[in-house]
Amino acid sequence: MGRLPDKIAIVTGAGRGIGRAIAEKLAAEGTTVVVADVDGDTASATAAAVGGLGVTADVTSPESVAALASRVWDRYGRIDVLVNNAGWDKVGPFLDSDPADWDRIIKINLYGVLNVCKAVLPLMVSRGAGAVVNIGSDAGRVGSSGEAVYSATKGGVIAFTKTLAREMARHRIRVNCVCPGPTDTQLFAELGGDDPKLREALTRAIPFRRLAEPEDLANMVAFLASDEAGYVTGQTVSVSGGLTMS
Ligand SMILES: NC(=O)c1ccc[n+]([C@@H]2O[C@H](COP(=O)([O-])OP(=O)(O)OC[C@H]3O[C@@H](n4cnc5c(N)ncnc54)[C@H](O)[C@@H]3O)[C@@H](O)[C@H]2O)c1
């Protein structure tokens with residue numbers, strides 16, 4: 001039967017990486033997953049793999065996100081779980097950074113979460129139930145050199161999670177945040193994680209002596225999305241093999 005039987009979930013950025021692992025895990029726990037990604041091909045591929053619905057959606061566009069929410073509502077009549085996972089970064093020293101890149105990072109990582117919550121939460125409120133899991137980052141908790149603006153957006157996601165959790169409690173909607181440590185994905189490789197020296201240094205610094213796999217994050221997301229976490233809201237949980245402890 002699974003931990004999330006007969007639920008309807010939207011996972012953003014689920015075409016690949018951590019989002020795809022979350023889609024796979026939620027589906028394995030009994031959920032019908034709407035795989036939303038700006039890359040329509042990967043959205044379709046993940047959806048086919050998990051038996052869900054693939055939708056091309058850009059979290060930076062309120063119109064695109066509104067269309068996503070109404071499509072899911074029209075088709076299923078409810079949205080039980082929302083996972084805001086889509087994210088992006090460009091690494092480099094802050095003093096060398098280009099404000100055009102700040103815009104992109106803030107639009108995807110922070111506005112993206114706001115846009116999707118604004119579109120989906122009224123539908124959850126109308127049913128008086130729901131669970132939201134935002135994917136933050138340990139960069140937003142403890143900082144990360146070369147990721148100043150990214151850290152600012154993820155710190156924003158953590159703070160937004162807490163206030164939204166307070167506002168949504170009366171509607172019986174829980175809102176939590178999962179912060180990955182370094183996780184073996186394409187994004188991580190693109191940000192320098194394909195450099196063996198960096199991988200080795202990080203691996204040495206992590207008490208469990210390995211990077212996170214996307215599945216490590218998916219397991220925590222599935223728990224927080226499930227009724228087993230029914231008394232948990234406004235929390236920030238790091239999944240980092242002990243790299244960060246707070
Ligand atoms: N990989 C890590 O080490 C790590 C660490 C901390 C936090 N995170 C966070 O985890 C999440 C997933 O990261 P990942 O490593 O799997 O990245 P990834 O790049 O492998 O996957 C991200 C997915 O999001 C999609 N996406 C990007 N912009 C989008 C948009 N505007 N609208 C919709 N979809 C969009 C991409 O197409 C891609 O499929 C992100 O929020 C990231 O910040 C990752």
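Each ligand, and each atom within it, is numbered from 1 in the order the structure gives. In this chain, numbering begins with 1 at the start of the sequence shown.
For ligand 1 and S137, the ligand atoms under 4.0 Å from any heavy atom of the residue are 6 (C), 7 (C). Per-residue contacts place I135 under 4.0 angstrom from the following atoms of ligand 1 (heavy atoms of the residue considered): 9 (C), 10 (O), 11 (C). Ligand 1 places these atoms under 4.0 Å from at least one heavy atom of A57: 32 (N), 33 (C). Taking every non-hydrogen atom of D58 and a distance limit under 4.0 Å, the qualifying atoms of ligand 1 come out as 30 (C), 31 (N), 32 (N). Within the listing of ligand 1, atoms 3 (O), 5 (C) sit less than 4.0 angstrom from a heavy atom of G181.
Of the listed residues (V38, N85, T46, T12), the one carrying the non-hydrogen atom nearest atom 40 (C) of ligand 1 is N85.
Distances from ligand 1 to the non-hydrogen atoms of S64 include no value under 4.0 Å. Residue-ligand proximity: G112 is placed with every non-hydrogen atom at 4.0 Å or more from ligand 1. Not a single heavy atom of A212 sits closer than 4.0 Å to an atom of ligand 1. The closest approach between any non-hydrogen atom of D37 and ligand 1 is below 4.0 Å. Heavy-atom separations between E190 and ligand 1 are all 4.0 Å or longer.
For the pair R78 and W73, the cation-pi criterion (under 6.0 Å, within 45° of the ring axis) is not fulfilled.
In terms of modelled atom types and a separation under 3.5 Å, the side chain of N115 and the main chain of Y111 share a donor-acceptor contact. Although no hydrogens or angles enter the test, the distance criterion places a donor-acceptor pair under 3.5 Å between the side chain of T46 and the main chain of G15. Formation of a donor-acceptor pair under 3.5 Å by the S64 side chain with backbone atoms of D58 is found in this model. Not a single donor-acceptor pair under 3.5 Å links the side chain of S238 to the backbone N or O of S240.
Under 4.0 angstrom from ligand 1, the non-hydrogen atoms of P182 all belong to its backbone. At a heavy-atom cutoff of 4.0 Å, ligand 1 is contacted by no atom of K107, backbone or side chain.
The nearest protein atom to atom 32 (N) of ligand 1, hydrogens excluded, is given as V59 N, 3.0 Å; this is a heavy-atom distance. Ranking protein heavy atoms by distance to atom 17 (O) of ligand 1, first place goes to L187 CB, 3.3 Å. Annotation: atom 27 (C) of ligand 1 to nearest protein heavy atom, G87 O, 4.0 Å. If you check which protein heavy atom lies closest to atom 23 (C) of ligand 1, you get G13 O, 3.4 Å. Of all protein heavy atoms, the one lying nearest to atom 19 (O) of ligand 1 is R16 NH2, 2.8 Å. Scanning all protein heavy atoms for the shortest distance to atom 42 (C) of ligand 1 gives Y150 OH, 3.5 Å. When only non-hydrogen protein atoms are considered, atom 15 (O) of ligand 1 lies nearest to T185 OG1, 2.5 Å. Nearest to atom 44 (C) of ligand 1 among the protein's heavy atoms is I18 CD1, 3.8 Å.
In terms of N/O distances under 3.5 Å, ligand 1 is not approached by D138.
Crowding of R170 atom CZ: a count of heavy atoms from other residues, nucleotides or ligands under 6.0 Å not exceeding 12. Counting non-hydrogen atoms of neighbouring residues, nucleotides and ligands closer than 6.0 angstrom, the OH atom of Y76 exceeds 12 such neighbours.
Contact check for I108 versus T153: no side-chain heavy atoms found under the 4.5 Å cut-off.
The existence of a salt bridge linking E228 and R3 is confirmed by a sub-4.0 Å separation between a basic side-chain nitrogen and an acidic carboxylate oxygen. For D37 and R16, the salt-bridge test fails: no basic side-chain N is under 4.0 Å from an acidic carboxylate O. Using a 4.0 Å cut-off between a side-chain N of Lys or Arg and a carboxylate O of Asp or Glu, D89 and K154 do not qualify as a salt bridge.
Checking I8, T32, L4 one by one against D80, the side chain to side chain contact (heavy atoms under 4.5 Å, CB included) holds for a single residue, I8.
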Exercise. Could you walk me through whether I135 and V221 pass side-chain contact (heavy atoms from CB on, under 4.5 Å), step by step?
Key: CA-CA 9 Å; I135 304 301; V221 171; 3.8 Å; yes
